[in-house]
Visitor: 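Pasting in a structure now, in C-alpha cells, and then I'll have a few things to ask.
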2 protein chains.
Amino acid sequence: MTQSFRPRIKAPILLNSAEAEIIRALRRQGCITSSDITRMTGWSKAKTAQDIRDLVEKGFLMEAGEGISQGGRKPRLLCINRNLGFVVGVDIGATSVDVALADISGGILQRYSEAADVRQRPEPFLSRCVEIIFQLMDLQGCRSDQILGIGIGVPGPVDFARGVLVAPPLMPDWENFSIRGFVKESFPNAFVVVDNDVNIMALGEQRAGDGINVDHFIFVKIGTGIGAGIVSNGKIHRGSTGCAGDIGHICVDKNGPICRCGNTGCLEAMAAGPAIAEKAVQAALSGSSPFLKNLMNQNGGVLRPEDVNTACREGDQAALEIIRASGQMIGDVLAGLVNFFNPSHIFIGGGIANFGNHLLVSIRRAVLRRSLPLATTHLSINFSRMGADAGVTGAVALALEYLFVIEDQPTTTI
Amino acid sequence: MTQSFRPRIKAPILLNSAEAEIIRALRRQGCITSSDITRMTGWSKAKTAQDIRDLVEKGFLMEAGEGISQGGRKPRLLCINRNLGFVVGVDIGATSVDVALADISGGILQRYSEAADVRQRPEPFLSRCVEIIFQLMDLQGCRSDQILGIGIGVPGPVDFARGVLVAPPLMPDWENFSIRGFVKESFPNAFVVVDNDVNIMALGEQRAGDGINVDHFIFVKIGTGIGAGIVSNGKIHRGSTGCAGDIGHICVDKNGPICRCGNTGCLEAMAAGPAIAEKAVQAALSGSSPFLKNLMNQNGGVLRPEDVNTACREGDQAALEIIRASGQMIGDVLAGLVNFFNPSHIFIGGGIANFGNHLLVSIRRAVLRRSLPLATTHLSINFSRMGADAGVTGAVALALEYLFVIEDQPTTTI
DNA sequence: GAACTTCGTCTATTTGATAGACAAAGCGCT
DNA sequence: AGCGCTTTGTCTATCAAATAGACGAAGTTC
C-alpha cells in the first residue's frame, strides 16, 4: 500500500438503516467504541463488529486510537473519516453571501462572508460564490471531486422539488434559473439542494441551536423582508408549492401603505427594515427626534434601520416608539399564527435580531394579549442565539440531509 | 373443532412491517390474492405464503373463496376477518352526538345521531354515549370485549397525550376529566383515543374524503365556533400543547365586539353562527329585511343561522349581505394562513357548510385578493363533501390509527 | 499476583428469506 | 377431447444475516 486510502464517493450516499444508526451515533458523540454501539442498539457484538468493518472498508469510518478503560481491556475508538468528503453551505442574503465548508459530520472548517448584491443576474453572482468555495477548499486542501453536497439558501420563494425560484420579488432575474444546474457544473460529484433562506435558518436552529429536539417551532426572520421557517412534527414544513412561511404579506391594517406586492398594509411594508428607516426619516424631518436628525445629517441624508436601534440605545423616545410599533405589529400577526400553529418556541433572527429587548418585549406582549392561554403558557419567544450562523449551519445541514439517503424505508402508518 | 374460531385480541395490536403492509393492502382493496401481494411487495412466494398463514392463524385474515382465473389456476381470495373485532367512532358536537360502529378495516356498519347538550357534566353525557354504543353493538351482534378501539372527538382544546380537555369554553365541567378512563371501564379491551373535533374531521377528510393523498390541507369548521384541523406532510399537526387550529380567536377587527374569550374582534365573535343570527335579528328589527322579520315572528322572536340561509335563498338582500360579510372575514383570516401554511386544499365544513355558493365565493375572493400568487395558483377552496360523516369517519380512523401499532420503526432521518 | 472486567474475534446455530422445482388447476386453440 | 401454455400454491435445498456464547487478549482492583 504505497498510496493513502481515498475512496471515490458519489452523492447521494445510500445507507441501510443499520449503517445510518451507526453514523447518526457518531455524529452526535464524535468518537465512539464498538461496545457503545452494541449497548445503544441492542445488536450482538458480532453484527456490530461486522457493520463497523464494512463502514471502515467503504471509507466512512476510521479508527482513532484507544479509548480509556472501563475496568477492562481498552476499547478502540471509531470516528467519521473526515477525509472522505466535504459539504458546502451557502446562505445568499439580499445584500450578502455567507459560505461555509464543513466536514461530512457537519463540523464547519472554513467560513467566509462578503457583501453582494442579489439583484444582479444569477450567473455572475453564482460564479463568485463558486470562486469563494474554491478559495475555502484551497485553505483546507480539498479537491473539487471531494465536495459531496452543497446546500444553498436564497431569499425568495423556492419550488423545492425543481430547485428554482418562482416569482422572487427581490431577484426577478433569477426566476426559473437552475441554480442546481449551474453549481453542479463545477462540482460534478456534489448533490445540490436549494431552499428558501428562512427554511435553512430554521434547519440550522433545529440542528445546532436552541431548536434541537423541539417538535413545533417558527423561525421568524426580520430584515428587509419578513419571513418564517416552519417546523412541524420535527420536519420543515414547506407547503404544497414550497412557499410556506411567507408571512411578510399578511395584512395588519387594511388602510395601511401600499406594499411592493400590490396589496395594502402588509406586515412587511409596515414593520420591516425599510419601514423602520422610513419612519425614522419622518421623525428626523418632523423634529420629533433631534438625535435621528443629527444622525441623518451625518449619514448624508439617509437613515438605516440600525440607526434607529442606535438612537433607541441612546434613549431617544421617538426611536423607541418606532421599534415598539414594529414589535406590536409583528406580535399581532404572530398571535394569530400561535393560535393556528401552536408552536412551543418562536425564534427571531435576521438583521433586526440585535435590536435588543424593546422589540422582543413588544412582540411578546402583543402575542400574549391576543393568543389563547393554552397556546402561550409554555410558549417561548426569543432571539435566535445563532446570529449569522443559522443560515450557513442550516445550509450545511440541508446538504447533509440530502447527501445521506436511507434505503428501504418501510411504511410508517397502516 | 366444535366451536367457531374466535381469538381473544387485546389492543393495541402489534404488527411487524410485513404484516402491516399486507393489512394495508387489504384495507385498500378489500379482497386480495396471495400472488397480488407477491407482485406488489416483491417478496418471494414462500415468504408471502408464510406471512399469510401466520396472519390467518392469528385471526386477522380469513379465506373468502376463489377468485377469477387470470388465464391459469384460480387464486384463493383473502380478506380481513371482520369478526375479529370492531371499532367505534364518537363525534361529540356542541349540540349533538354521532356514533358509528365499524369493522376492523374502517367500514361503517351501524350509525346513529341524536341531539345532546354538551354543557352537562361528563358522566351522564358519556354514559349516554356508552348506551348508544351498546345499542349499535346489539344490532350488529357484537360483544363488549370485541370492541378494540374507540376514537372520540370533542369540541374543545384537547391535551392529546393525556386525553383530557384543557380550559374548554363550551364545556367547563369537562376540564381535566379523564374521558379515556371513564369509557374504558365499559370496554376493557379497547384502546381509547380522544382528540379535538376538528382534527378528527380533518382525519376523516384525509381517509375517506377529498383529502386523500393531499399532503398539506386545512379543514375549517364553521358552526357555533370556528376551528381548523391541520394536515402537514400528511400528518395531523396538533401543535405543542395540542391546541393548534384554534383560529376562531384570531383578530379581524381590533374595534370589534367583545368575544367570550375576553378579547375584541375575534373571528368567531364576528363571523360564526351566533354572530350571523345576531346580525339577522338586527336586520329584522331595523326593518332592512322584511323576510327575516316575518321569519322571526313565526319562530317566536328568535332567529337561527339557518334562517339567514333560507332568507338568502329566497333572494333577501340583507341576508345575502350578512353571509357575504361573514365570508369575507373568514377569507381575510384564511388569506393570512394560506401565506403562512401554503396548503393545496381548504375544506370547509360544519353547520355553515350548506350555506351554498355565496359564502364560498366571498371566502375565495377574500383569500385570492390577500394571498400571494404562488400560494393560490393551485389552491382549491371547497365545502367538504362528507357533511356530518367527516366527524365519525375520522373518529373511526383515529381509533384504527392507534389500534394498530407497527413495531421496530427504524430511524427515518440521519 | 489473583480475581474479576471489558473488549474483540471466532464458531456453531438459529432464523428468515430466496430460488426454483413441481404439481394442481385453468384457459384457449385445434 | 387433447395439447400447450399460464397461473397458483407448496415444498425443498440453499443462502444470508443475526445470535449466543466460548475464548483469549488486555486492564483494573484489591
Side-chain angles (χ1 to χ4, degrees), chain A residues 14-26 29-58 60-79 81 406-411, chain B residues 14-26 29-58 60-79 81 406-411:
Chain A
L14 298 177
L15 302 174
N16 62 40
S17 57
E19 291 169 333
E21 205 156 337
I22 293 176
I23 290 190
R24 216 159 38 101
L26 271 156
Q29 312 224 354
C31 260
I32 211 170
T33 72
S34 169
S35 44
D36 284 341
I37 298 176
T38 308
R39 272 187 295 268
M40 62 201 303
T41 58
W43 299 335
S44 67
K45 289 194 284 184
K47 172 178 167 54
T48 309
Q50 181 62 50
D51 283 359
I52 288 173
R53 253 196 308 279
D54 288 354
L55 282 172
V56 169
E57 207 167 299
K58 287 187 194 169
F60 294 108
L61 265 53
M62 47 187 273
E63 301 211 346
E66 295 183 325
I68 50 172
S69 164
Q70 303 294 314
R73 178 173 166 176
K74 279 191 227 162
R76 294 185 208 155
L77 290 177
L78 293 163
C79 68
N81 179 4
I406 304 177
E407 291 177 305
D408 312 322
Q409 294 281 23
T411 167
Chain B
L14 297 177
L15 303 174
N16 63 39
S17 56
E19 290 169 333
E21 205 156 337
I22 293 176
I23 290 191
R24 216 158 38 102
L26 271 155
Q29 313 224 353
C31 260
I32 211 168
T33 73
S34 169
S35 44
D36 284 341
I37 297 176
T38 308
R39 272 187 294 269
M40 61 201 304
T41 59
W43 299 335
S44 67
K45 290 193 285 186
K47 173 179 166 53
T48 308
Q50 182 62 50
D51 282 0
I52 288 172
R53 255 197 305 280
D54 287 355
L55 282 172
V56 169
E57 206 166 300
K58 286 186 194 170
F60 294 109
L61 264 54
M62 47 187 272
E63 301 211 347
E66 295 182 328
I68 52 172
S69 163
Q70 305 294 314
R73 175 174 168 177
K74 278 192 226 161
R76 293 186 209 156
L77 290 177
L78 292 162
C79 67
N81 179 3
I406 304 177
E407 291 177 307
D408 312 322
Q409 293 282 22
T411 165

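When reading the values below, keep in mind they use all heavy atoms of this one structure, side chains included, and skip hydrogens, waters and symmetry mates. Labels below follow one simple rule: chain letters A, B, ... track the order of the sequence lines, proteins then strands, and each chain is numbered from 1.
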Visitor: If I take atom CG in residue B:D51 and atom P in nucleotide D:dG9, what distance separates them, rounded to the nearest angstrom?
Guide: 15 Å

Visitor: Between B:K74 and A:S69, who's closer to the 5' end of DNA chain D by nearest nucleotide?
Guide: B:K74

Visitor: Round to a whole Å and report the spacing from CG of B:D36 to C1' of D:dT7.
Guide: 12 Å

Visitor: Just jot down the side-chain contact (heavy atoms from CB on, under 4.5 Å) partners of B:E63, sequence neighbours excluded, or say none.
Guide: B:R76, B:L78

Visitor: If I take atom CD1 from residue A:I23 and atom CG from residue A:L55, how far apart are they, to the nearest 0.5 angstrom?
Guide: 5.5 Å

Visitor: Applying salt bridge (Lys or Arg N to Asp or Glu O under 4.0 Å), can you list everything that pairs with B:R39, at least two apart in sequence or on another chain?
Guide: B:D36

Visitor: Protein-nucleotides 4-6 of chain D N/O pairs closer than 3.5 Å?
Guide:
{"from": "D:dT6", "atom 1": "O2", "to": "B:G71", "atom 2": "O", "distance (Å)": "3.4"}

Visitor: Testing the basics here: between B:G72 and B:S69, what is the closest heavy-atom pair and its distance to 0.1 Å?
Guide: O-OG, 2.5 Å

Visitor: I'd like to check the side-chain hydrogen bond (donor to acceptor under 3.5 Å, both in side chains) partners of B:N16; sequence neighbours left out, ordered by chain and number.
Guide: none

Visitor: Just wondering, do A:T33 and A:L77 contact through their side chains at under 4.5 Å, heavy atoms?
Guide: yes

Visitor: Under the side-chain contact (heavy atoms from CB on, under 4.5 Å) rule, collect the residues that match up with B:T41, sequence neighbours excluded.
Guide: B:E21, B:I37, B:W43

Visitor: At what distance, to the nearest 0.5 angstrom, does CZ of A:F60 lie from CD1 of A:I22?
Guide: 11.5 Å

Visitor: Might you work through the side chain to side chain contact (heavy atoms under 4.5 Å, CB included) test for B:N81 and B:L61, ending with a clear yes or no?
Guide: CA-CA 5 Å; B:N81 179 3; B:L61 264 54; 6.0 Å; no

Visitor: Got a sec? Which of residues 38-49 of chain A come in under 4.0 Å of DNA chain D, heavy atoms?
Guide: A:S44, A:K45, A:A46, A:K47

Visitor: Anything under 4.0 Å to a heavy atom of chain B counts; send over the first and last such nucleotide of DNA chain C, read 5' to 3'.
Guide: C:dA17 to C:dC27

Visitor: Which heavy atom of A:L26 sits nearest to which heavy atom of A:C79, and what is that distance?
Guide: CD2-CA, 3.7 Å

Visitor: Considering all heavy atoms of both residues, which atom of A:K47 and which atom of A:A18 are nearest to each other, and what is their separation?
Guide: NZ-CB, 3.9 Å

Visitor: If you look at every strand shown and take non-hydrogen atoms under 4.0 Å, does B:T33 touch a base, only sugar-phosphate, or nothing?
Guide: nothing

Visitor: Could you check how far CD1 of B:I52 sits from P of D:dG9, rounded to whole Å?
Guide: 8 Å

Visitor: Enumerate the residues from residues 17-25 of chain A whose closest heavy atom to DNA chain D is under 4.0 Å, giving them by residue number; use none for an empty result.
Guide: none

Visitor: Who pairs with B:R53 by side-chain contact (heavy atoms from CB on, under 4.5 Å), at least two apart in sequence or on another chain?
Guide: B:A49, B:Q50

Visitor: Starting from P on D:dT8, measure out to CD1 on B:I68 and report it in whole angstrom.
Guide: 11 Å

Visitor: Looking only at non-hydrogen atoms, find the nearest pair between A:A20 and A:I406 and report the distance.
Guide: CB-CD1, 3.6 Å

Visitor: Considering residues at least two apart in sequence or located in another chain, which fulfil the side-chain contact (heavy atoms from CB on, under 4.5 Å) criterion with A:A46?
Guide: A:S44

Visitor: Go through DNA chain D and write down every stem, that is, every run of at least three consecutive Watson-Crick or G-U wobble pairs with distances under 3.5 Å, as range with range.
Guide: C:1-30 with D:1-30

Visitor: Atom CD of B:E407 and atom CD of B:E19: how far apart are they, to the nearest 0.5 Å?
Guide: 8.0 Å

Visitor: List in chain and number order the residues that pass salt bridge (Lys or Arg N to Asp or Glu O under 4.0 Å) with A:K45, two or more places apart in sequence or in another chain; answer none if no residue qualifies.
Guide: none

